[in-house]
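Here is the structure we will look at.
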Amino acid sequence: MYDIYTRDVAADIVDVFEKTLMNAGIKVPSPEDDERDPDNCACLYGSVYYNVLDEVENMLINLLYEHNSGYDDIITGKFSGNK
């Protein structure tokens, strides 16, 4: 057995969005933009990055708790139709 580090997984997911934004030439404004190094080309920066990271991590944690509390199957590649 091994540990699951939800922050690491969340960061990997956020990186996918970061690359998508970068490919589209989109930088999301953040309150810390005036503190940003001119060479920093991050599309998600400062509190914006960490807010997205926190939300993704919380979703992963909730998913893991739901699975551990009795959900039977993990269905991949399909929407539930509940949203």
Side-chain angles (χ1 to χ4, degrees):
M1 298 216 347
Y2 61 93
D3 296 327
I4 296 172
Y5 289 87
T6 56
R7 195 72 163 179
D8 291 347
V9 177
D12 290 343
I13 293 169
V14 173
D15 284 347
V16 170
F17 289 102
E18 177 80 20
K19 288 174 187 169
T20 301
L21 291 169
M22 188 172 291
N23 288 337
I26 298 170
K27 280 190 176 180
V28 178
S30 83
E32 298 84 15
D33 278 344
D34 55 344
E35 301 167 16
R36 184 192 296 233
D37 186 312
D39 294 332
N40 186 324
C41 61
C43 297
L44 298 172
Y45 180 78
S47 61
V48 171
Y49 173 84
Y50 285 103
N51 288 340
V52 172
L53 182 65
D54 289 344
E55 288 295 321
V56 171
E57 183 179 22
N58 287 334
M59 293 172 76
L60 290 170
I61 291 167
N62 289 335
L63 177 66
L64 290 167
Y65 282 135
E66 286 175 4
H67 180 68
N68 286 336
S69 66
Y71 282 81
D72 294 327
D73 292 319
I74 296 174
I75 315 273
T76 62
K78 294 173 97 174
F79 288 107
S80 68
N82 294 331
K83 292 199 173 218

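Side-chain atoms are counted along with the backbone in the values below, which use heavy atoms only and exclude waters and symmetry mates. As the structure is a prediction and not an experimental result, all values here were calculated from the model.
M59 is not connected to I61 by any chain of hydrophobic side-chain contacts under 4.5 Å among Ile, Leu, Val, Met, Phe, Trp and Tyr, and they are in different clusters. The hydrophobic clustering, which links ILVMFWY residues whose side-chain heavy atoms are closer than 4.5 Å, places I13 and L64 apart. Cluster membership check: M22 does not share its hydrophobic cluster with V14, using side-chain heavy-atom separations under 4.5 Å among Ile, Leu, Val, Met, Phe, Trp and Tyr. In the hydrophobic clustering of this structure, I26 groups with L53; members are Ile, Leu, Val, Met, Phe, Trp, Tyr whose side-chain heavy atoms approach within less than 4.5 Å, directly or through other members.
Here the CD-CG distance, from E18 to D12, works out to 13.0 Å after rounding to the nearest 0.5 Å. With rounding to the nearest 0.5 angstrom, the OG1 atom of T6 is 11.5 Å from the CG atom of L63. Atom CG of N40 and atom CD of E35 lie 12.0 Å apart (nearest 0.5 Å).
Contact detail for V48 and P29: the closest heavy-atom pair is CG2-O, 3.3 Å.
A side-chain N or O of S30 and one of D33 form a donor-acceptor pair less than 3.5 Å apart.
Within the structure, the side-chain hydrogen bond (donor to acceptor under 3.5 Å, both in side chains) test picks out the following pairs touching residues 42-56 (sequence neighbours left out): R7-D54, E32-S47.
R36 places a side-chain N or O within 3.5 Å of a backbone atom of A42 that can act as its donor or acceptor partner.
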